[in-house]
Amino acid sequence: QVQLEESGGGLVLAGGSLRLSCAASRGSLSNYGLAWFRQAPGKEREFVSTVSWTGVSTDYADSVKGRFTISRDNAKNTLYLQMNNLKPENTAVYYCAAGAAVSHSHTYDYWGQGTQGTVAS
């Protein structure tokens, strides 16, 4: 059983940066593929990025490529998402997820509660 908790959300101006963290308060993340999803007001939850359990393979939604970077520190049991050059349309609740295999779909075993990121124009 894994329990995930996101942090690092907040309010920034367009062009600014946020660094999200996802820590496992219970269980180990080292054997799981990890992902970030987001849900904007009135929209479906959507894929943002994934990282393999080794940290070697990463994948990104086209809309965030070149601006967002996913990483993991298995020793710290933590997942990160560095978000640069943020745009107002990036405003959303960001969720981390852990599962046996990485995917763009919502088929992950464990989810955090989410952290709000708001980008003001």
Side-chain angles (χ1 to χ4, degrees):
Q1 192 79 4
V2 175
Q3 190 164 333
L4 304 174
E5 184 172 353
E6 303 94 338
S7 62
L11 172 64
V12 296
L13 294 176
S17 299
L18 284 173
R19 188 190 193 208
L20 306 183
S21 298
C22 171
S25 58
R26 186 172 64 190
S28 172
L29 296 180
S30 60
N31 294 324
Y32 291 95
L34 303 176
W36 288 99
F37 287 76
R38 66 186 179 190
Q39 188 166 16
K43 295 189 176 181
E44 300 280 324
R45 190 173 300 189
E46 65 176 4
F47 160 76
V48 176
S49 183
T50 60
V51 61
S52 63
W53 70 274
T54 62
V56 172
S57 297
T58 59
D59 192 17
Y60 297 92
D62 288 342
S63 61
V64 306
K65 281 181 181 176
R67 298 188 298 119
F68 289 14
T69 302
I70 191 171
S71 62
R72 65 189 294 165
D73 187 334
N74 287 339
K76 294 183 177 180
N77 222 16
T78 303
L79 170 71
Y80 303 98
L81 185 68
Q82 178 67 44
M83 306 189 294
N84 297 329
N85 191 20
L86 284 162
K87 305 175 181 180
E89 54 264 39
N90 299 142
T91 294
V93 177
Y94 285 76
Y95 299 89
C96 62
V102 294
S103 168
H104 290 199
S105 68
H106 300 168
T107 56
Y108 286 82
D109 300 309
Y110 306 104
W111 292 83
Q113 293 300 306
T115 185
Q116 175 71 47
T118 303
V119 185
S121 57

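Only heavy atoms go into these numbers, but all of them, side chains included; no hydrogens, no water, no symmetry mates. Here, residue 1 is the first one in the sequence, and each next residue gets the next number.
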Inset, instruction - Give a yes or no answer on whether the side chain of T91 reaches the backbone of V119 with a donor-acceptor pair at less than 3.5 Å. - result: yes
Inset, instruction - Look only at the side chain of T115 and the backbone of G9, and say whether a donor-acceptor pair between them is shorter than 3.5 Å. - result: yes
Inset, instruction - Sort and list the pairs that fulfil salt bridge (charged side-chain N to carboxylate O under 4.0 Å, His left out) and have at least one residue in residues 23-51, not counting sequence neighbours. - result: R38-E46
Legend entry - Listed once per pair and sorted, the salt bridge (charged side-chain N to carboxylate O under 4.0 Å, His left out) pairs that draw on residues 70-98, sequence neighbours left out: none
Inset, instruction - Measure up the F47 and H104 rings against each other and bin them: parallel (under 30°), tilted (30 to 60°), perpendicular (over 60°). - result: parallel
On a heavy-atom basis, which atom in [X] and which in [Y] lie closest, and how many Å separate them?
| X | Y | answer |
| --- | --- | --- |
| S121 | A14 | CA-CB, 4.3 Å |
| S17 | Q82 | CB-NE2, 3.9 Å |
| L18 | G117 | CD1-CA, 4.2 Å |
| V56 | S52 | N-OG, 3.5 Å |
| V93 | G114 | CG1-CA, 3.8 Å |
| A100 | Y32 | N-CD2, 4.3 Å |

Check for me, please, whether [X] and [Y] land in the same ILVMFWY cluster - side-chain distances under 4.5 Å, paths through other members count.
| X | Y | value |
| --- | --- | --- |
| L29 | Y110 | yes |
| V48 | L86 | yes |
| Y95 | V64 | no |
| L4 | L81 | yes |

Inset, instruction - Check step by step if side chain to side chain contact (heavy atoms under 4.5 Å, CB included) holds for D109 and V2. - result: CA-CA 9 Å; D109 300 309; V2 175; over 6 Å; no
Legend entry - Rounded distance (nearest 0.5 Å) linking atom CZ of R19 with atom OH of Y80: 5.0 Å
Could you tell me whether the side chain of [Y] reaches within less than 4.5 Å of the side chain of [X], counting heavy atoms only?
| X | Y | answer |
| --- | --- | --- |
| T50 | Y108 | yes |
| N90 | F68 | yes |
| R67 | Y60 | no |
| L20 | E6 | no |

Inset, instruction - Answer yes or no: does atom CH2 of W53 have more than 12 heavy-atom neighbours from other residues, nucleotides or ligands under 6.0 Å? - result: no
Legend entry - Residue pair N77, S30: steps toward the side chain to side chain contact (heavy atoms under 4.5 Å, CB included) verdict: CA-CA 7 Å; N77 222 16; S30 60; 5.7 Å; no
Legend entry - Any pair counted as disulfide (SG to SG under 2.5 Å), so long as it reaches residues 10-92, sequence neighbours left out: C22-C96
Inset, instruction - Report yes or no: do E5 and S7 form a side-chain donor-acceptor pair below 3.5 Å? - result: no
Legend entry - Qualifying residue for side chain to side chain contact (heavy atoms under 4.5 Å, CB included) with I70, from D59, L79, L34: L79
